[in-house]
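Below: one structure, written as structure tokens.
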Amino acid sequence: MSKPKLALYWAASCGGCEIAVVRLYAKILDVAEIFDIVLWPCIMDFKYKDVEALPDKSIDLCLFNGAIRNSEQEYMAHLLRAKSKALVAFGTCAYTGGIPGLANVANREIIFRRVYDETPSTSNAEGVRPQLSYQVPEGELTLPKFYDTVRTLAQVVPVEYFIPGCPPVKEQVEAVIQAVVEGKLPAPGSVVGASDKTVCDNCTRIREEKRIRSFYRPWEIIPDSSRCLLEQGIICAGPATRGGCGAPCLSVNMPCRGCYGPPPNVTDQGGKLLSALASIIDSQDPAEIERVVDAIPDVLGTCYLFGLPASLLGRVRLEGNALPAREAVETAKAL
Amino acid sequence: MSYVYYPGCSLTGTARECEESIQSVMRFLGVKWTELEDWNCCGAAVATGVSYLLSLALPARNLALSEKTEADLVTGCSRCYLNLIRAQHYIQHNANLKRDVNAVLAEAGIQYAGTARLRHLLDVIINDVGLDTVAEKVTQPLSGLQVAAYYGCCQGMWTYAQFDSTEDPTCFDRLLAALGAEVVYYPLKQACCGGTLSMSKRAVGAPLIGDLLLAAIAVEADCIVTACPLCTFNLNSFQNEAGRAKGTKFNMPVLFVTQLMGLAFGLPPKTLGLHRNVVPPDPVYRKIAAGAAASSAEAVASGTK
Amino acid sequence: MVVPSNNWEPTIVGFLCNWCAYQGADLAGTSRMTYAPNVRIVRVMCTGRIDPTFVLKAFQSGADGVIVAGCHPGDCHYSEGNYKTIRRVTLLRKLLSQMGIDPERFRLEWVSAGEGAKWAQIADEMSAAIKAKGPLAWWETLKEA
Amino acid sequence: MAESKNDVRIGVYVCHCGSNIAGTVDVDDLTSFAQQQGSVAVARNYKFMCSEPGQALIKKDIEELGLNRVVVASCSPRMHEPTFRRVCEDANLNPYQLDMCNIREQCSWVHKSGATGKAKALVSAAISRAYYLQPLERREVLVTPAVLVVGGGIAGIQAALKVAEAGHKVYLVEREPSIGGHMIQLDKTFPTLDCSACILTPKMAAVKAHPDIELMTYSEVVDVQGYVGNFRVTIRRKPRYVDESLCTGCGICQEKCPWKADSEFDCGLGQRKAIYTPFPQAVPNVPVIDPEHCVYIQKEGKCGACLKFCERGAIDFTQKEKMVDVEVGAIIVATGYDLMDPSAISRLGYKRFPNVITSMEFERLCNATGPTGGHITIDGKEPKSVAIIHCVGSRDEKYHTYCSRVCCMYALKFAHLIGEKIEGAQVYQFYIDMRCYGKGFEEFYQRASSEAVNFVRGRPAQVTDFAMTPEEKGKLVVVCENTLVGRPVRVPVDMVILCPAMEPRADAKEVARRFNLSQSADGFLLEKHAKLDPVATANDGVFIVGCVQGPKDIPDTVAQGLAGAAEALALIEKGRVELEAATAFVNEAACSGCKICVSLCPYSAITFSETEKLSHINEALCKGCGVCVAACPAGAIVGRHFTDQQILAEVAALLVDTRPATVAV
């Protein structure tokens, strides 16, 4: 019988997920051995038309990394959906939006203004902006449409499996590949390559009591490397993050930022993290609580660093093309 | 510690002797301060009768002025202190009031933020300078001088509450003891001297003053020491009226706290405004001299000289 | 953004604790007070049960405002649940304003079992305030421009 | 969800409540709306759902249509939830499969227009929540048939006797060497003027005599574990250095002991020996040795007079502190009050002038067993005039804003006793208001007023020994404004009696923590409901009686003691106690042991197992507040009957009419 067909695609992401696959080292050869790779733009020269030519459901496994932020990625999402038996949101960006998802605090106009006008390194006196289509002597040049809102793969097309991680850790990828080979994949819709517990389950630090009198940012204090960072006032998303990564960040004295997404029974990772953090503030005095909370400069960025698009609210609500007024934040304090 | 000094009206008028002694003694103690620029009357006891808002706005202006200097605002007048702290308290605890007062102050192009730090003269002497320093600086110990420390009533509720006890303040006793004086138990130390009634309603004021003087005599005090210009004024100026009310004659020296401190520091009486005291403090001088003589004689006897 | 028709009425979700606020709302009823019908109440045993996720869910589901009401500090039936609520609400407020949700759309109130009138007044006030603000209509936010 | 969508069968019942609901809400429209909702098998409306036929209707449907969820849209759940739960139970449907939808108190009664629309939203929300409702089991635990009473004052004594009379085991723990509390120090009691000791000592004796009461004096509760029905209490028994089993209470040791100390019982007005019983009628009548003053203990082995003279050899200096564990089903806390030390208010001269005394000191002076044998004298001098100052530290923002409730009455009693004992004595009452609210109080007030008492309305500014007139010489002068005539007065007297505030015990905070209770703003322990649940507390199975809850006179204290006994008996007589069913539990598969929940539980129901690295919830202690459920970042803690799933579904459905049908949430 012919080898199962494998496709890998790279949408809105940094490419780390591609590296994660390459980091299989020698095993990558097995992959090449086991699978017939039909699409992997990052590594080899494939053309979309080759994929379009494939019959539907002819790709056995498609590892799709990256979020959907423009029309080309959306097109490919639909195309690969149609052609694949098992479409896998590979990595945090495809799964929950990831770092690119943070763009949902803004919109196309704000981002373009920043990128094409405002950044110090930009010199663009003519105010040139990308055009969807542009006529040159040789013919028409086109660009994909840049959307206002970044979406997860599952928000665009139905997805069979989710492999979290920014990037997914090597061992987990291996495990999944193995499962595919042995046809031991769980029921569609499930998260694979991760555990059902949280990062704390992988974290070996000593936990005593959680009562916080003030929060610190990692550079503000030198934390005791043997004790729970949260108990030392450093915000760690570990308790509200799906485990399976092996807690590598914690092992180098850095807090978890939550890249593996919400634990199995959690609806909104940020909401839960926020609730947990607030709950352990050790004060009953509103003014004191206000003071403690003010030590968290960017609540949104802290709670939804990797998951804004997948969160309940999904994005920031903008009045026109301005970021939410600072004073709104101030009034919030005042209330 | 930097201070800005608010004398207030009485100290620059009827209570000049207090003012002079305050200045000389604080200079002697090495406390540096500048006078609050463009200060105004605190409203004394009368502003309240005119308008509540006015009675707060007047002191608030002084507080606001002091805020600009970012120094502690010191006053030696109990009434001024009372009005200032009262204004501070009510304004801080009532946002609307703060708004109204600031609306008034806006006319004068000034705003009260509520950050002013108000200090009473005694507070500065006892807690900033310190009783040890005071004791060290004594060159003319008041040994043998029996003094009645008269705290006065209008400072009771607020002033002493800030750095001593409202129920039973003792800071004054401790200060005088540091000067080597013999502080007698003065039962009426917090009784009222009649305040402005001594002028407006003498029939009420005089007997109160009489009681205070009688009490001082009863406990064999050589003099009464006060911490309030108005008390000093009342107890000095109305001894005849008080005598009539009590069917006796009084001649009880009444000194403002810094006047007595000055004597203990060996400062010339004139620089302490003592020549202005209605009741001449001569008995006090004599007692101090006697005390000095006694102690030196003692020294001779013990052959240490 | 949706343009509010002039007869548009806001919808507010109220998370009320069983022991104080919910009884207060009941009292407003038994005393036959009349107030705006815009607040729809979800009963929880204690405001301490209110997961910020519920508030986010309410806004996502179409609420124009959310109000959390519980026992006055010190009166919590579970002794200190409402203090935990203060902590969560304080932090949640910061998040919501960053999300572009006007802080006035999210309120925390203390209503005792005896304060029926206070509940009625809060419901009226908040309905009026949010009617003035206009719809939040979160799904509009997610529509691709 | 155990069931798949199609086997959830919901019945919706809309109540007209006469016209209370139907008058404002279109019940037919609402019913047909409900009928169209998913999983709804039947929707009906009826005039009065809570009526017999209404209940029968629901019962019938459950049985015949096989409903497994019931939604009743009617009044507040606080009104009829128990009723409809019973209906479900009768029809063999788990009562927790019921959801109430409040369309009366929170809809029809308060809205003129828009009531029907809102009712629809509420009903759809209730249906969505009901869909996810889970059957819960009501759990019962057995109750240990024994009661711990903490504090041997009149409240504790009364409670202990009543419980014991009902034939149940009682452990009565008292900190002092004898029971009796403050009451045994009093002389006469108002308004009846019967002798305090005469009415109390029989009860004390009864306590000692009762076979079911285990009396532990000179002991303190140090730890309380467990929960309603099953408390495990650790009691520290301080060494008495006297063997209770051997001592006959002959008193020879006290006679022979050469070492003296001020008597606590006599407020320091008299003295007692280093080995002593606080007072002659002490129960138990077994002395204790006070190590502070016992020279044998202080100077290893010197003295030992008691050792020599005790024929029974009951003296035992080898005694050590003992810890005793007892198991009880209920706890009655009756630790009483402290009398405020008025020397804080120095202008009143307490401790400065020997003849300024507190009310309790006066009680001792007046008492035949007191240091003066009942003669009202200070340093042998009998006062001819006495001032009684009310509200010392009470009704005073600087100290306690509350009224201590007993002072007015005992002040009148004092006046009467002074008049009785001192020929022609003048008594002055300095009061703010006379509060004589109790049975027979007003009559006593009238009687006392008719005697030689002068009432001065005003709060004294000062008590001074400074005489301003010859007749003030050598006297104490009470300076005060008589607010009725608006003039300052100076009243020279020979003795001043202060009526200090009744305060929470100095260690009220620790006591509250030990028994997991809360304090009200004034520092006294907090009852469950000020009116309708006066002795119960937020901690089931623990009751507070007497002055630990606030100042009280003897009748009120006794009544509360009995109330506490009744509460405790109701609990242990039943033998079983039902525990909250809607508790929280830890889904161990999801818990990663982050410990965020542990410190949050107000009932210390959450424990952490270091071996399993898991949190556990003791469901007997859990009251179902849900604070941990909301906090658990792993979603590992589930709050029964208020699960995330249920509430999120409820919220989404509550707003279904606000968003376009195309928008999924």
Side-chain angles (χ1 to χ4, degrees), chain C residues 9-11 13-18 22-23 25-55 57-58 60-64 66 74 76-81 84-85 88 116 119-120 123 135 137-140 142, chain D residues 75-79 100 102 104-115 117-118 121-122 125 129 516-518 520-521 526 528 538-539 582 600 602-603 623-632 635 639 641-642 644 647-648 650-660 662-665:
Chain C
E9 284 292 329
T11 309
V13 174
F15 293 97
L16 274 61
C17 87
N18 177 64
Y22 194 88
Q23 285 196 60
D26 276 356
L27 180 62
T30 41
S31 357
R32 304 296 200 281
M33 297 164 180
T34 318
Y35 61 89
N38 308 59
V39 183
R40 299 172 180 183
I41 293 172
V42 173
R43 182 173 70 122
V44 289
M45 293 313 279
C46 175
T47 53
R49 171 65 182 95
I50 298 167
D51 185 330
T53 310
F54 301 165
V55 179
K57 181 70 178 177
Q60 180 224 22
S61 308
D64 300 296
V66 173
C76 177
H77 179 79
Y78 305 99
S79 86
E80 44 195 48
K84 274 101 179 178
T85 309
R88 292 174 185 146
W119 171 252
W138 195 262
W139 63 89
E140 292 287 334
L142 294 169
Chain D
C75 48
S76 167
R78 307 194 51 84
M79 183 88 185
M100 293 281 290
N102 186 340
R104 191 180 74 170
E105 283 83 348
Q106 295 177 6
C107 190
S108 69
W109 273 352
V110 285
H111 307 317
K112 288 198 181 65
S113 59
K118 178 172 171 179
L122 295 173
R129 174 166 184 260
N516 197 355
L517 307 173
S518 25
S520 45
L526 185 63
K528 199 168 192 173
N539 187 3
L600 298 179
Y603 306 100
K623 302 262 181 301
C625 69
V627 116
C628 58
V629 185
C632 177
H641 209 54
F642 290 91
D644 285 7
I647 296 173
L648 291 171
E650 186 177 0
V651 171
L654 194 60
L655 294 158
V656 70
D657 59 322
T658 65
R659 54 183 187 266
T662 54
V663 176
V665 297

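In the text below, chain A, chain B and the rest are named by the order of the sequence lines, each starting its count at 1.
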Residue pair [X] / [Y]: nearest heavy atoms and the distance that separates them:
X       : Y       : answer
S113(D) : P37(C)  : O-CG, 3.6 Å
R49(C)  : F642(D) : NH2-O, 2.8 Å
A630(D) : G48(C)  : CB-O, 3.4 Å
Y22(C)  : S76(D)  : CE2-OG, 3.7 Å
W139(C) : R659(D) : CZ3-CB, 3.5 Å
C625(D) : C46(C)  : O-CB, 3.6 Å

Measuring heavy-atom distances to chain D, does A36(C) have an atom under 4.5 Å in its side chain, in its backbone, in both, or in neither?
backbone
Using a cut-off of under 4.5 Å on heavy-atom pairs, state which of [options] scores highest against chain D.
options                        : value
W138(C), W119(C), Y35(C)       : Y35(C)
H77(C), M33(C), E80(C)         : M33(C)
T30(C), T85(C), I50(C), V44(C) : T30(C)
K57(C), Q60(C), R40(C)         : R40(C)
N18(C), T53(C), T11(C), V39(C) : N18(C)

Distance from R43(C) atom CZ to Q106(D) atom CD, nearest 0.5 Å?
9.5 Å
Select one option (side chain, backbone, both, neither) describing which atoms of [X] are under 4.5 Å from chain C's heavy atoms.
X       : value
L648(D) : both
D657(D) : side chain
A652(D) : both

Closest-packed option against chain C by number of heavy-atom pairs under 4.5 Å, given [options]:
options                            : result
P660(D), G639(D), C107(D)          : P660(D)
A631(D), P77(D), C75(D), A664(D)   : P77(D)
L600(D), V656(D), L526(D), L122(D) : L600(D)
K528(D), R78(D), E650(D), K118(D)  : R78(D)

Applying side chain to side chain contact (heavy atoms under 4.5 Å, CB included) to V42(C) and L654(D), what does each step give before you reach the verdict?
CA-CA 9 Å; V42(C) 173; L654(D) 194 60; 3.5 Å; yes
